[in-house]
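Each chain gets a letter, A, B and so on, in the order its sequence line appears, and its residues count up from 1.
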Amino acid sequence: MKLPKVYEPNEYESDIYALWEKSEAFVPANRGSGSSYCIVMPPPNANANLHIGYELTAALEDIPSRYHRMKGDATLLLPGADHAGFETQVVYEKHLAKEGKSRFDFTREELYRQIWDFVALNRTKFGTQLRKMGVSCDWAHYTYTLDDKVVKLAYQTFKKMWDEKLIYRGERLVNFCTFHGTGFADIEVEYKEVKGHLWHIRYPLTDGSGELIVATTRPETMLGDVAVAVHPKDDRYKGFVGKTVKLPLTQREIPVIADAFVERGFGTGAVKITPAHDINDFDAAQRHDLPKITVIDHEGKMTHDVPAPYQSLAVEQAREAIVTDLNDLGLLAEVNDHLHNVGHCYKCGTIIQPLLREQWFVDMKPLATKAIKVLRTDKIRFYPDSKKNQLITYLKGLRDWNISRQIAWGIPIPAFQNLEDPEDWIFDERVGEEIIEVDGKKYRRDPDVFDTWFSSSSWPYATLDYPEGEDFKQFYPTDLMDTGGEILYPWVSRMIMLGLYVTGDIPFKDVYIHGYVMAEDGSKMSKSIGNVVDPIPVIEKYGSDALRMGIIAGRSPAVNRGYDPRRVEEARNLCNKLWNVARFIEDKIGDDFTTRHDPKATNSADNWILNKMNYLNKSMSSHLENYRFSEAYELIYHFVWDDFADWYIEASKVNLNKDVLAYVLDATLRIAHPFAPFVTETIWQTLKWEGDTMLITSSWPKAVHASKDEAAVFEELQTIISEIRYIKAELHLKNLRLYHTGEEFLKKHTELIKGLAGLASIEEVRDGHGLHLTQTNYRCWLDLDQETAIHFLKQLESKREGYAKTIEQLEARLSNKNYVKNAPRKIVDETKQQLEETKTLLAKVTEEHSRFATAQR
RNA sequence: GGGCGCUUAGCUCAGUUGGCUAGAGCAUCUCGUUUACACCGAGAGGGUCGGGGGUUCGAGUCCCUCAGCGCCCACCA
C-alpha cells in the first residue's frame with residue numbers, strides 16, 4: 001500500500017476512533033489479574049461546548065491511561081458530565097432573557113424540566129468533542145451527575161450526616177445574591193476591592209452624658225443595630241460599657257458592650273453591631289445573646305421593620321437618604337474615603353448581602369480534621385507538592401458549609417417540614433411530591449436544592465458504584481485526579497473529606513493541578529472578551545494529536561500559560577515526520593515482512609539507535625510516572641526527529657537492516673502512542689507485519705540488547721560527519737574528497753561517511769594534504785587548496801580561542817585544592833579528562849591555524 | 001494583612017535532588033531540487049539566567065534583600 005506524502009489527520013481520525021470504540025479497546029481488560037489504573041475524569045459542565053482548557057485535562061488523563069493500558073494494567077478512564085446547578089441555571093436564564101422571559105415566569109418544576117431538555121441537547125455535543133480529542137474513556141461507564149446512582153448516594157450521605165448530627169438546620173448568615181435570589185457557600189463569594197467611604201456617626205448616650213462615634217462602611221445597616229461594641233481594655237470607653245445609646249433615626253435604646261474582637265486602632269474603636277447583616281456582628285451577637293433585626297430583604301430592599309421613610313428603598317437609596325438625614329441632624333461627625341474588600345456574586349457582580357436565613361449546614365470541623373490528618377501522612381501526593389500545604393491551611397480555617405440553594409436546577413433536598421410544627425423536619429426521599437403524610441402528619445418538601453458540590457464530592461466513588469460495585473472494589477481509591485487550581489478548595493478538598501467520611505478511604509492517590517490555558521497574549525480567556533479558543537477547529541486544521549501535544553508542550557503543573565499555535569504546528573510537523581518515517585520504512589521492507597522483537601544489530605548505527613531506544617523507553621516511563629508530561633513529549637519529539645529520522649534512517653540508506661528498522665518503527669509507535677494516538681494507530685493499521693492487531697491494546701516495548709561499544713563507534717562517525725558538514729557549509733563547497741593514510745576505521749566506514757557527509761569520495765593516499773580534521777583522532781584531510789582553506793582561518797581562530805579559554809578555566813578549577821578535595825571523585829576525574837581532550841583539540845586547531853596563517857603570508 | 005507563583009535567546013517557554021561549553025520550538029541568516037518528508041535537509045548567529053548580597057570547591061538551581069508582574073486566601077466594621 002502506498003501512503004500519501006502528507007499525513008492528513010482528518011482522513012483517518014474518526015475512523016480510528018470508531019475502530020477503537022467498536023473493538024471495545026477502552027473497556028478495562030485484565031480485570032482481577034494484577035494491577036489496575038483508574039482515572040475518573042472531572043465532569044465538565046454539560047451546558048456548553050468544551051473549551052480548550054478541557055483539551056489539556058483530556059490529554060493529561062488520556063496519556064497516563066494509554067500508557068498504563070499498554071503496560072498491562074486493567075485501565076479505566078471514566079467520563080462524565082456535570083449538571084453544574086447554579087452555573088447552568090445562569091446560562092439558561094440568559095437564554096430565557098433572549099426570548100424576553102425570566103425564571104419568574106415559571107414554577108421550579110417547569111424550570112427544572114426546561115433546563116433538563118436544554119442540557120440534554122448539549123450533552124450529546126460533549127461526547128462528540130471528547131471523541132475528537134481522542135480520549136480513550138470507557139463510554140459504558142459514562143456518568144451524569146443527575147444519574148440515579150449519584151442522586152441516591154447524595155441522599156444516603158445526607159441521611160448519614162443527619163443521623164450522625166453533622167448536618168443541622170439553622171438560621172445563619174448566608175451569602176445572598178439578591179439578583180439571582182440564592183445563597184452561596186463562602187468559597188463562591190468573590191471579593192473585590194472597592195472605593196467606599198467610612199462614615200463616622202454620633203450615637204448619643206441615653207443618659208445625655210455624652211456620645212459614642214462609630215465608624216461604618218454601610219450606614220444603612222445601622223437601622224438593624226442592636227448594640228455598640230468597644231474593646232474591653234480600651235480606656236477611652238471604660239465608662240461607656242453597660243450604658244445605652246439612643247440609636248439615631250429609630251430612637252431605639254441599645255447597649256454598649258465590651259468584646260475583644262474590636263480592633264482598637266480601626267476607625268474610632270467603637271463598632272456598631274448589626275447581627276443580621278454582618279458575619280462578625282452575628283458572632284458577637286451570639287456571644288452576648290443579642291437579638292437580630294433584619295432590615296434588608298432578599299430583593300435587596302429595606303424591610304418594613306425600619307422607619308417609614310426608608311421602607312422598600314433599595315440599599316443604595318437607603319444609604320443616601322440615611323446619610324443625608326444624619327447630616328441634617330448634625331450626627332455625621334466625619335466622612336473618609338475608604339478602600340475595602342466587598343463580596344460580589346461571581347456570576348453577575350451584584351454585591352453579596354449577608355442575610356439571615358434558615359438553611360442546611362454541614363458541620364465541617366470533624367470532616368476537615370480527618371482530612372488534615374490524612375494529608376499529613378502523604379497518602380495523597382500532590383503535583384506540585386506546594387498545593388498540599390495550601391489545602392491544609394484552607395481546611396484549618398473552614399467554616400460550616402451552607403448546602404442549600406434557592407434555585408430550580410439541582411438535586412432536591414430530601415427533607416420535609418411538618419406543617420403544624422416548623423421545628424419538626426424529617427428525611428424522606430419522595431422529593432417528587434410536595435406534600436407527604438407520615439404517621440398522620442403532613443409534611444411539606446424543602447423547596448431548596450443541594451449545592452452542586454455536595455453531590456459531586458462523591459464523584460470518585462459514586463461513579464464506581466459504591467459500595468457493592470465490582471468497579472469500586474477494583475478501582476477505588478483511584479490513581480489520579482487532575483484538575484485546575486480553581487477547584488482545589490471547592491471540589492478536591494470536599495472529595496477528600498467526603499471520600500474519607502463515606503468510604504473510609506482516600507478517593508485518589510495523586511492530585512495533579514494543571515495551570516490554565518490562557519489566551520495567546522497571556523490574558524484570561526473569556527466569552528465576553530471573545531478570545532476563547534475553540535479546540536474543534538484547531539483539531540480540524542492540525543489534527544487531534546497536534547493539538548494534544550501542542551498544548552502540553554512546555555507546560556508545568558499549576559502554571560498558567562498562553563495558548564501557543566506555534567507549538568501546535570510544531571506537533572503537527574512531528575506527526576507528519578512520523579508518517580514519513582513509516583512511509584520510508586514500509587517501502588524498504590515490503591509487504592511480506594515479519595517483525596522481530598529481538599532485532600539483531602549488524603552495524604554501529606543499529607547498536608546506536610537500539611541504545612537510544614532503550615534509553616527512551618526507560619526515561620519515558622520515569623517521566624510519565626512522575627507526571628512530567630512536557631519532558632516526556634520533548635523526549636519523544638527529539639528521538640523521532642533527531643535520532644531516528646535524521647541519523648538512523650539516513651544511515652540505513654547506506655546499510656539497510658530491515659529487522660532493526662522495523663523494530664524501531666514498531667517500538668516508536670508504541671512509545672509515542674499516548675502522545676499521538678491517532679497518527680500512531682493509523683500507521684499501525686497500515687503495517688502488514690502486525691496483522692489485525694490494534695496499537696492501543698498492544699504492549700509497551702521491552703528493552704533489547706545493544707552494544708555500547710558499537711554505539712560509540714557510530715558517535716565517532718557522527719563527529720567526523722558533522723565536522724565535514726560544518727566545513728562544507730562554512731566554505732560553500734561541494735564534491736569534496738576526504739584523504740587518509742590508511743586508517744582502518746575510515747576504510748571500514750567509507751560508505752557511511754561518504755553518504756552522510758555528502759562527499760565525492762574517500763581515498764587512501766600516501767601523504768595527507770588539505771585541511772586536517774580536528775575533532776577526531778583518526779587522521780584525515782579534506783581536499784582543499786590553500787586559497788580556499790584560508791577562508792577558514794577565522795573559524796579556526798575562534799575555535800582556538802574557545803579551547804584556550806576552556807583550558808584556562810579547567811586548569812584553574814583543578815589547581816583549586818578545595819575543589820579537588822571536596823568535589824566528588826567522578827566530577828574531578830571528568831574535569832581532568834576534559835582538560836586532556838581540550839588540550840589535544842587545541843593543539844590540532846593551533847597547528848592547522850598556523851599552517852594556513854603562514855601560507856597566507 | 002497573610003500565603004504562593006513568575007522574571008532564562010527577538011517571541012513563547014523547558015531546565016527533577018546545586019556538577020560537562022544553559023536547552024527547545026518559532027523567528028533570523030547561509031547553503032541545498034541526494035526519489036520518506038519543503039509540514040523537508042545541512043550549517044550558523046543569538047543569553048553577564050530581573051538587580052544586589054550571601055552560602056559553597058562549584059549557584060539558573062539553595063538563603064537573604066530589592067524591583068516588576070500575576071494568583072489565592074482573610075470578618076478590620
Side-chain angles (χ1 to χ4, degrees), chain A residues 3 5-7 187 191 198 214-218 221 229 261-263 265-268 270-274 278-283 338 340-341 343 354 384 386-387 389-390 393-394 397 485-486 488-489 515-516 520 522 542 546 550 553-556 558-567 569-588 622-623 626 628 630-631 634 637-638 645-646 649-650 653 722 725-730 732-734 755 757-758 802 805-806 809-810 813 816-824 826-828 830-831 833-834 838:
Chain A
L3 300 175
K5 265 191 174 186
V6 173
Y7 171 60
I187 190 93
Y191 287 89
L198 199 55
V214 301
T216 179
T217 54
R218 304 182 62 200
T221 62
F261 95 96
V262 178
E263 294 281 338
F266 188 87
T268 59
V271 188
K272 59 196 269 317
I273 300 295
T274 322
D278 184 282
I279 183 72
N280 283 316
D281 296 1
F282 181 90
D283 291 345
H338 183 62
H340 61 145
N341 280 320
S386 59
K387 293 286 168 188
N389 286 328
Q390 222 168 296
T393 308
Y394 167 74
E486 84 277 17
L488 179 66
Y489 297 154
Y516 310 131
E520 279 183 52
Y542 293 103
R555 217 171 260 281
S556 307
V559 178
N560 299 343
R561 237 192 85 192
Y563 166 70
D564 188 350
R566 294 174 306 184
R567 286 293 201 164
E569 211 169 306
E570 160 202 328
R572 186 270 317 257
N573 294 349
L574 176 66
C575 294
N576 193 55
K577 194 66 170 177
L578 211 43
W579 181 255
N580 276 289
V581 163
R583 238 159 58 89
F584 173 83
I585 293 175
E586 290 185 42
D587 184 53
K588 286 283 179 225
S622 141
H623 281 326
N626 292 292
R628 289 199 287 264
S630 174
E631 291 90 332
E634 281 205 17
Y637 181 97
H638 290 289
D646 288 345
I649 288 204
E650 290 308 313
K653 289 175 182 172
S722 295
R725 285 171 173 175
Y726 170 67
I727 295 166
K728 276 178 65 183
E730 288 293 310
H732 301 303
L733 298 171
K734 44 175 103 172
K805 207 172 149 200
T806 306
Q809 285 166 351
L810 294 175
R813 202 181 297 171
N816 179 340
K817 284 192 182 106
N818 284 323
Y819 172 70
V820 181
K821 198 174 75 189
N822 294 328
K826 199 180 141 209
I827 300 281
V828 177
E830 275 171 20
T831 308
Q833 195 191 336
Q834 196 195 339
T838 314

Minimum side-chain heavy-atom gap [X]-[Y] below 4.5 Å:
| X | Y | result |
| --- | --- | --- |
| A:Tyr394 | A:Ile187 | yes |
| A:Tyr637 | A:Asn573 | no |
| A:Tyr7 | A:Arg572 | no |
| A:Thr831 | A:Tyr819 | yes |
| A:Thr838 | A:Leu810 | yes |
| A:Thr806 | A:Gln834 | yes |

For [X], which contact category applies under a 4.0 Å heavy-atom criterion: base, sugar-phosphate, or nothing?
| X | answer |
| --- | --- |
| A:Pro824 | base |
| A:Asn341 | base |
| A:Tyr726 | sugar-phosphate |
| A:Glu263 | base |
| A:Lys826 | nothing |
| A:Phe282 | nothing |
| A:Tyr7 | nothing |
| A:Arg725 | sugar-phosphate |
| A:Ala582 | nothing |
| A:Asn816 | sugar-phosphate |
| A:Ile649 | base |
| A:Lys577 | base |
| A:Val262 | base |
| A:Glu486 | nothing |

Is there a donor-acceptor contact under 3.5 Å from the side chain of [X] to the main chain of [Y]?
| X | Y | result |
| --- | --- | --- |
| A:Asn626 | A:Arg628 | no |
| A:Arg555 | A:Tyr516 | yes |
| A:Asp587 | A:Arg583 | no |

Revision key, fill the gap. The answer to which of A:Glu569 and A:Gly267 contacts RNA chain B further toward the 5' end, by nearest nucleotide, is A:Glu569
**Study point:** Nearest-nucleotide 5' precedence on RNA chain B, A:Asp587 against A:Arg572
**Key:** A:Asp587
Write down the distance separating the [atom1] atoms in [N] and [M], rounded off to the nearest Å.
| N | M | atom1 | result |
| --- | --- | --- | --- |
| B:G3 | B:U8 | P | 25 Å |
| B:C71 | B:C13 | P | 15 Å |
| B:G47 | B:C11 | C1' | 14 Å |
| B:G10 | B:G5 | C1' | 26 Å |
| B:A42 | B:C6 | C1' | 38 Å |
| B:A44 | B:G23 | P | 13 Å |
| B:C64 | B:G70 | C1' | 23 Å |
| B:G68 | B:G52 | C1' | 15 Å |

Review point. First and last nucleotide of RNA chain B in contact with chain A, 5' to 3', at under 4.0 Å to a heavy atom: what are they?
Key: B:C11 to B:A77
Point to revise | Minimum heavy-atom distance A:Lys5-A:Trp579, with the two atoms named | key: O-CD1, 3.8 Å
Point to revise | Test: A:Glu570 and A:Arg567 ion pair at under 4.0 Å | key: yes
Revision key, fill the gap. Read 5' to 3' with Watson-Crick or G-U pairs under 3.5 Å, [ ] for crossing pairs and | for partners on another strand, RNA chain B gives (((((((..((((.....[...)))).(((((.......))))).....(((((..]....))))))))))))....
